[in-house]
Amino acid sequence: MTRIRIALSQIDPTVGDLDGNAELVLGRTRRAAERGATLVAFPEMALTGYPVEDLALRSSFVEASRLAMEDLAGRLAAEGLGEIAVVVGFLDRCETSSPRLGRPAGAPQNAVAVLHRGRIAARSAKHHLPNYGVFDEYRYFVPGDRLLVARIGGVDIAIAVCEDLWQEGGPVAAARAARVGLLLSINASPYEVSKDDSRLDLVRRRAREADCTLAYVNAFGGQDELVFDGDSLIVDAGGRVLSRAARFDEELLVADLDLPPRTVDARLAGTDDTVADDLTIRHVVLTEESAPPPAPAAGHSVAPALSDDAEIYRALVLGLRDYVAKNGFASVLLGLSGGIDSALVAAIAADAVGGGNVYGVSMPGSYSSVHSRDDAAETAERIGLDYRQVPIAPMVDAYLAALGLTGLAEENLQARVRGTTLMGLSNQEGHLVLATGNKSELACGYSTLYGDAVGGFAPIKDVPKTAVWRLARWRNAEAERRGEVAPIPVNSITKPPSAELRPGQVDTDSLPPYELLDAILDDYVERDMGRDAIVAAGFEPALVDRVLTLVDTAEYKRRQYPPGTKISLKAFGRDRRLPITSRWRESG
């Protein structure tokens, strides 16, 4: 066996920031070299950020990515890092693809390059292109038709890109046919609840299928509505976990691996292509000989697992933090009602950007209770955010006198005055406004356009109401465990939720109890179950009809809602795309 030291670098790139992302690669490669690594791997499209969406269709951006990769190879060598093999994802172009109907213009490719001794020593492209959920890769990319196998330190290493691991056959089958010593997979795999479990199961299964050690490197960080959770890992051919990186954090995972040397058939060495499965194999030799890794031994480390609530909360914090930072904001602003939703968003915001950069506004109206005002003030005190009170009753009265609004129009007017107040303060002071609505409300249209739906980002947009309560309790318990002040007032958690837009109003005046509502929404939204199937699952037909009607008729509201961090299997927006104008109804 040959011992080789590899490094998996889970970094947080920004889409379009070619210079900044290249600096990340340079800096982490330097650290990997200092720790004696022979090979360092970066995530899928690390040079461009992911997903680039329609930027892939701009020839100027494709060319900029290609030139940036060539420049990066030269800079690595110039800084004395040319002997380490650097595997980096980027946006490339297929030189041999001819224009035809159904192919993206310019034949862009989701590609990977191996940089060595000042040049791009080899490159290949993603073979399996996902076209489900948040992915539209058939729209953007031309598939690759070869598996790259690079001999590095005397070990033959197959390189695959993300979805190539998730689909049967293709690169995994080709890697087995080539009898490689290591299968390396570079990824930008977005987070959703329990993704770590399904990811580990997949990696173990593919390692057994390829009959070799498998190293999986993933991105971390937020990009618009997506969050990447890291969780890079290495398993042996039997599926045993050797090393595993932390989640929701940057890490350079370094490990010494004992791998079989020169496993690829001698007929492939030095040649271009040999058929295997539905791919050709491209074999390149970078270095035939391996030097023993320097002391001390890198060993293996396995990061502790997170509970479901801990991982969801960390995803929400990371998604907000990166959205704020990457879009050039320094502070956030939100309405503090004293309710559970705004209290949880305030806690997430303080954890993301620091309490001193969170600005909370209490906007009491004619129907606001004393306890809600007190709870809002207590939330601000517990978290340490900047707090002010702006009574809206005089503004509402002026509108009512001018327009003569009553009933629901009067209720919505109060929400819209609050929304206008927040946007005015945002324009004046430069804060990013946070919408505080949850997924249950968004599903049923229980929000006011240009009122509580205003904002630049919605941190709990994909969090059902029942999970809001659960996360609030978890965050308070976590604070107590650390010996800190619990950020969310107990009264905000225990009192019945209410918009307080009319006397004695509670949410259950308009919606079913949230425990029932969320269970039906889970079947309808997450699982795409039809009305009859949901009724067959044990729910009252009239209740199902009521909920489905609310969901179906609220699509126009959801289209106008701010972006927010995706944590579920099917988030509104990128995952669930339905027409606004539609006469199809599941309900009777």
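For clarity, every value in this text was computed on a predicted model and none was experimentally measured. If you read the sequence from its start, that first residue is 1, and numbering goes on from there.
Side-chain contact check for Tyr132 and Glu163: at least one donor-acceptor pair (N or O, by modelled atom type) lies under 3.5 Å. Counted by atom type alone, Glu225 and Tyr323 present zero donor-acceptor pairs between their side chains at under 3.5 Å. Between the side chains of His300 and Asp256, not a single donor N or O lies within less than 3.5 Å of an accepting N or O. Side-chain contact check for Ser185 and Asn187: at least one donor-acceptor pair (N or O, by modelled atom type) lies under 3.5 Å. Remark: the Asp322 side chain and the Gln223 side chain contain no N/O donor-acceptor pair separated by less than 3.5 Å. Asp54 and Tyr140 are linked by a side-chain donor-acceptor pair at a separation below 3.5 angstrom, with hydrogens and angles left out of the test. Side-chain polar atoms of Lys195 and Ser189 form a donor-acceptor pair below 3.5 angstrom. Counted by atom type alone, Tyr216 and Arg199 present one or more donor-acceptor pairs between their side chains at under 3.5 Å.
Here Met45 contributes atom CE and Lys126 contributes atom NZ; the two are 9.0 Å apart, rounded to the nearest 0.5 Å. For the atom pair OG (Ser9) and CZ (Phe42), the distance works out to 4.0 Å, reported to the nearest 0.5 Å. Summarising the geometry, atom CG belonging to Leu306 is positioned 11.0 Å from atom CD1 belonging to Ile312; distances are rounded to the nearest 0.5 Å. Note: Arg576 CZ to Tyr524 OH = 6.0 Å, rounded to the nearest 0.5 Å. To the nearest 0.5 Å, atom CZ of residue Phe141 and atom CG of residue Asp136 are 10.0 Å apart. Here the CG-OG distance, from Asp518 to Ser440, works out to 3.5 Å after rounding to the nearest 0.5 Å.
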Item to check | Intermediate values then yes/no, side-chain contact (heavy atoms from CB on, under 4.5 Å), Phe61 and Thr48 | outcome: CA-CA 9 Å; Phe61 186 62; Thr48 57; 4.0 Å; yes
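Taking the six-membered ring for Trp and thresholds of 30 and 60 degrees, Trp474 and Tyr313 have ring planes inclined between 30 and 60 degrees apart. Using bins of under 30°, 30° to 60° and over 60° for the plane-to-plane angle, the ring pair Phe228/Tyr50 lands in the perpendicular bin.
Among the candidates Asn218, Val88, Val161, the single residue satisfying the side chain to side chain contact (heavy atoms under 4.5 Å, CB included) test with Ile186 is Val161. Of the listed residues (Lys566, Arg314, Glu311), just one forms a side chain to side chain donor-acceptor pair (under 3.5 Å) with Tyr191, and that residue is Glu311.
Note that Lys439 lies in the cation-pi zone of Phe572, set by a 6.0 Å cut-off to the ring centre and a 45° limit from the axis.
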